[in-house]
Colleague: 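Here's a structure for you.
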Amino acid sequence: SLKLFSNDIYDNTVANPSNYLKIQDQTVVLNQTSILSINLSNTSLIRGLQFDIEFPSGFVFDYQNSISSPLLNNFNVSVSDLGSNIYRFLIFTFSNDLISIGNNNLFTIPIFIQPSVQLGDYSFPITNVVISSQTNQNIASLPLSIGIISVVETTVPVITLLGNDPVTIEVGTAYNDAGATALDNYDGDITSDIVVLGTVDVNTVGTYTITYNVSDANNNAALEVTRTVNVVDTTVPVITLLGNDPVTIEVGTAYNDAGATALDNYDGDITSDIVVL
């Protein structure tokens, strides 16, 4: 029969840990699957291990797709669901293979972080640890530190223009910007945080650009959105005749044209540009 572990109690009083498990510190992204690493640090040869991991609410462990490192090539590995988001890992061998001394990755495990998880730092308690030595003694010790998983949110907000783009207005008329909205997957409506840059000189014909920027509470900057505003002059000048119309003169007498004036809404007095034909 297989004797994998002794009945030795896990020693929580070890001052200088030498054989322990730890989830590596890592930053993970909300609403995505991340791959976490479980490391084994050992100063003795190891015949087998057993341990439980409790995952915080909202962290979904795809335990059927855990991947063992080459360190465990000749070992049997099982992961079972104990309920309440607690999973048991069992690593053993029927042969004389041993896990060599070192500080190495033992497992990589896929974790999906649900959108309901609050941003911040989380620890995944590793309990009921048994690390079996070459002589089937439990030599487990407390880890040097607790692994911290930091949950962040990296989805950028989306800015949506209101109104037309481009906008064309007549020179000299008022320009009222239609604005934009901004929505973030985590912060919701952040329209009030939009920063609008650029001005339109309504008295000068030209093309102007209005720029809209926003960042969410986690400093994720939206893709900048712009609006083009064309200030144009389409109002025709007004020619005003001077003198009479019609004019009647006697045949053979001189005709002195009284001329005309020309005014434009943008260029002003352009009388000198009148062409008389």
Side-chain angles (χ1 to χ4, degrees), residues 27 29-32 113-120 151-277:
T27 297
V29 179
L30 196 69
N31 203 29
Q32 292 185 19
I113 297 86
Q114 294 180 327
S116 59
V117 171
Q118 296 296 308
L119 304 183
V151 178
V152 298
E153 187 269 315
T154 61
T155 303
V156 300
V158 176
I159 299 174
T160 303
L161 283 179
L162 300 175
N164 297 325
D165 178 44
V167 173
T168 299
I169 64 170
E170 187 71 18
V171 65
T173 62
Y175 171 66
N176 297 310
D177 192 76
T181 61
L183 289 176
D184 183 65
N185 70 311
Y186 190 75
D187 296 325
D189 188 342
I190 55 172
T191 299
S192 60
D193 295 327
I194 292 177
V195 176
V196 182
L197 301 174
T199 58
V200 177
D201 183 353
V202 297
N203 295 313
T204 303
V205 170
T207 298
Y208 301 88
T209 299
I210 305 297
T211 301
Y212 307 82
N213 293 302
V214 74
S215 293
D216 63 19
N218 299 297
N219 295 317
N220 297 308
L223 182 65
E224 182 178 271
V225 173
T226 62
R227 189 195 316 271
T228 299
V229 180
N230 296 310
V231 178
V232 299
D233 173 22
T234 62
T235 303
V236 299
V238 177
I239 298 175
T240 303
L241 286 177
L242 299 176
N244 296 325
D245 179 40
V247 175
T248 301
I249 63 170
E250 188 68 25
V251 65
T253 61
Y255 170 66
N256 295 311
D257 191 75
T261 60
L263 288 176
D264 183 66
N265 69 310
Y266 184 68
D267 296 322
D269 188 342
I270 55 172
T271 301
S272 61
D273 295 326
I274 293 176
V275 177
V276 181
L277 300 174

Colleague: According to salt bridge (charged side-chain N to carboxylate O under 4.0 Å, His left out), does anything in residues 160-177 pair up with another residue at least two apart or in another chain? List the pairs.
Modeller: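 Listed once each, the pairs are Asp177-Arg227.
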Colleague: Counting N and O atoms only, with roles assigned by atom type, does the side chain of Tyr266 sit under 3.5 Å from a partner on the main chain of Val205, one being a donor and the other an acceptor?
Modeller: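 Such a contact is found between Tyr266 side chain and Val205 backbone.
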Colleague: Can you measure from CG (Asn230) to OG1 (Thr207) and round to the nearest 0.5 angstrom?
Modeller: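 So the CG of Asn230 and the OG1 of Thr207 are separated by 4.0 Å.
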Colleague: List the atom of Tyr208, the atom of Thr199, and the distance in Å for their closest heavy-atom pair.
Modeller: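 Distance-wise, the nearest heavy atoms are CD2-O, 3.5 Å.
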Colleague: Please report the closest heavy-atom contact between Pro115 and Leu30, naming both atoms and the distance.
Modeller: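 Closest approach of Pro115 to Leu30: O-CD2, 3.9 Å.
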Colleague: From Asn219 CG over to Thr154 OG1, what is the distance, rounded to the nearest 0.5 angstrom?
Modeller: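 Reported to 0.5 Å precision, the distance equals 12.5 Å.
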Colleague: Starting at CD of Glu153, measure out to CD of Gln32 and round the result to the nearest 0.5 Å.
Modeller: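 Reported value, rounded in 0.5 Å steps: 9.5 Å.
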Colleague: What pair of heavy atoms forms the shortest contact from Ala222 to Pro157, and how long is it?
Modeller: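 In terms of heavy atoms, the two residues are closest at CB-O, 3.2 Å.
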Colleague: Can you see which heavy atom on Asp216 is nearest to which on Asn218, and at what distance?
Modeller: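 For Asp216 versus Asn218, the nearest heavy atoms are OD1-N, 2.9 Å.
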Colleague: What pairs of donor and acceptor atoms, side-chain ones from residues 187-198 against any protein atom, are under 3.5 angstrom apart with sequence neighbours left out?
Modeller:
residue : atom : partner : partner atom : Å
Asp187  : OD2  : Ala217  : N            : 2.8
Asp189  : OD1  : Thr191  : N            : 2.9
Asp189  : OD1  : Thr191  : OG1          : 2.7
Thr191  : OG1  : Ala182  : N            : 3.1

Colleague: Testing Thr226, Thr181, Leu161 for side-chain contact (heavy atoms from CB on, under 4.5 Å) with Tyr212, which one passes?
Modeller: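 Passing option: Leu161.
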Colleague: Please report the shortest heavy-atom distance between Asn220 and Val156, naming the atom on each side.
Modeller: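 It is CB-CA, 4.1 Å.
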Colleague: Which is it for Ile210 and Val200 under the side-chain contact (heavy atoms from CB on, under 4.5 Å) test, yes or no, and what are the steps along the way?
Modeller: CA-CA 8 Å; Ile210 305 297; Val200 177; 3.9 Å; yes
Colleague: The test is side-chain contact (heavy atoms from CB on, under 4.5 Å); show your working for Thr240 and Leu263 and say whether it passes.
Modeller: CA-CA 8 Å; Thr240 303; Leu263 288 176; over 6 Å; no
